[in-house]
Amino acid sequence: KKKQSYSYEKDGKLRKAVARNISHAIEAARVPVKAMAHKLGVVESTISQWQTGKRCPTIENIQCLAQCLEIKPCQLLRGESESCLQDRGS
């Protein structure tokens, strides 16, 4: 049998957690969404959709987003939104 790969995009619970983490991290960093979108090469509405869970960022975008927010990429992928804020800058 062929092993199925895991996709967080299809995991509703994790998808919501990632959206919450992105939203909290952007709020905590106080980085303007317009500037972040420009740096990531996406439109502002894309970031908004990541924050609401309507779309999922690629792993590359998770890495770039984390760099812009000065956090570790894994902090955006955790199941608890608070962990993103607690670990900020470490």
Q: Should Gln75 and Asn21 count as side-chain neighbours, where that means a heavy-atom distance under 4.5 Å?
A: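 No - every pair of side-chain heavy atoms lies 4.5 Å or more apart.
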
Q: With Glu44, which residues qualify under side chain to side chain contact (heavy atoms under 4.5 Å, CB included), at least two apart?
A: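 In terms of side chain to side chain contact (heavy atoms under 4.5 Å, CB included), with neighbours along the sequence ignored, Glu44 is linked to Val33, Lys34, Ala37.
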
Q: Kindly write out the residues that satisfy side chain to side chain contact (heavy atoms under 4.5 Å, CB included) with Ser23, not counting sequence neighbours, or none if the list is empty.
A: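 Here the qualifying residues are Gln51.
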
Q: Is there side-chain contact between Ile62 and Thr58, with heavy atoms separated by less than 4.5 Å?
A: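 Ile62 vs Thr58: side chains apart.
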
Q: Heavy-atom distance under 4.5 Å between the side chains of Ile26 and Trp50, does that happen here?
A: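 No, every pair of side-chain atoms sits at 4.5 Å or beyond.
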
Q: Using a 4.5 Å cut-off on heavy atoms from C-beta on, say whether the side chain of Leu69 contacts that of Met36.
A: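 Result yes, sub-4.5 Å side-chain heavy-atom pair found.
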
Q: For residues Cys64 and Leu40, report the shortest heavy-atom separation together with the two atoms involved.
A: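 Distance-wise, the nearest heavy atoms are CB-CD2, 3.0 Å.
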
Q: State which residues pass side chain to side chain contact (heavy atoms under 4.5 Å, CB included) with Gln63; sequence neighbours excluded, sorted by chain then number.
A: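 Gln63 satisfies side chain to side chain contact (heavy atoms under 4.5 Å, CB included) with Ile59, Pro73 only.
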
Q: Specify the closest pair of heavy atoms between Cys68 and Lys39, including all atoms of both residues, with the distance to one decimal.
A: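 Heavy atoms of Cys68 and Lys39 come nearest at SG-CD, 3.3 Å.
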
Q: Does Lys54 offer a backbone N or O that forms a donor-acceptor pair with the side chain of Arg15 under 3.5 Å?
A: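 Judged by distance alone, yes, a pair lies under 3.5 Å.
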
Q: Please examine the side chains of Pro57 and Ile47, heavy atoms only from C-beta on, and report whether any two atoms are closer than 4.5 Å.
A: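 No, every pair of side-chain atoms sits at 4.5 Å or beyond.
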
Q: I need the Ile71 CD1 to Leu65 CG distance, nearest 0.5 Å.
A: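 Interatomic distance, Ile71 CD1 to Leu65 CG, rounded to 0.5 Å: 7.0 Å.
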
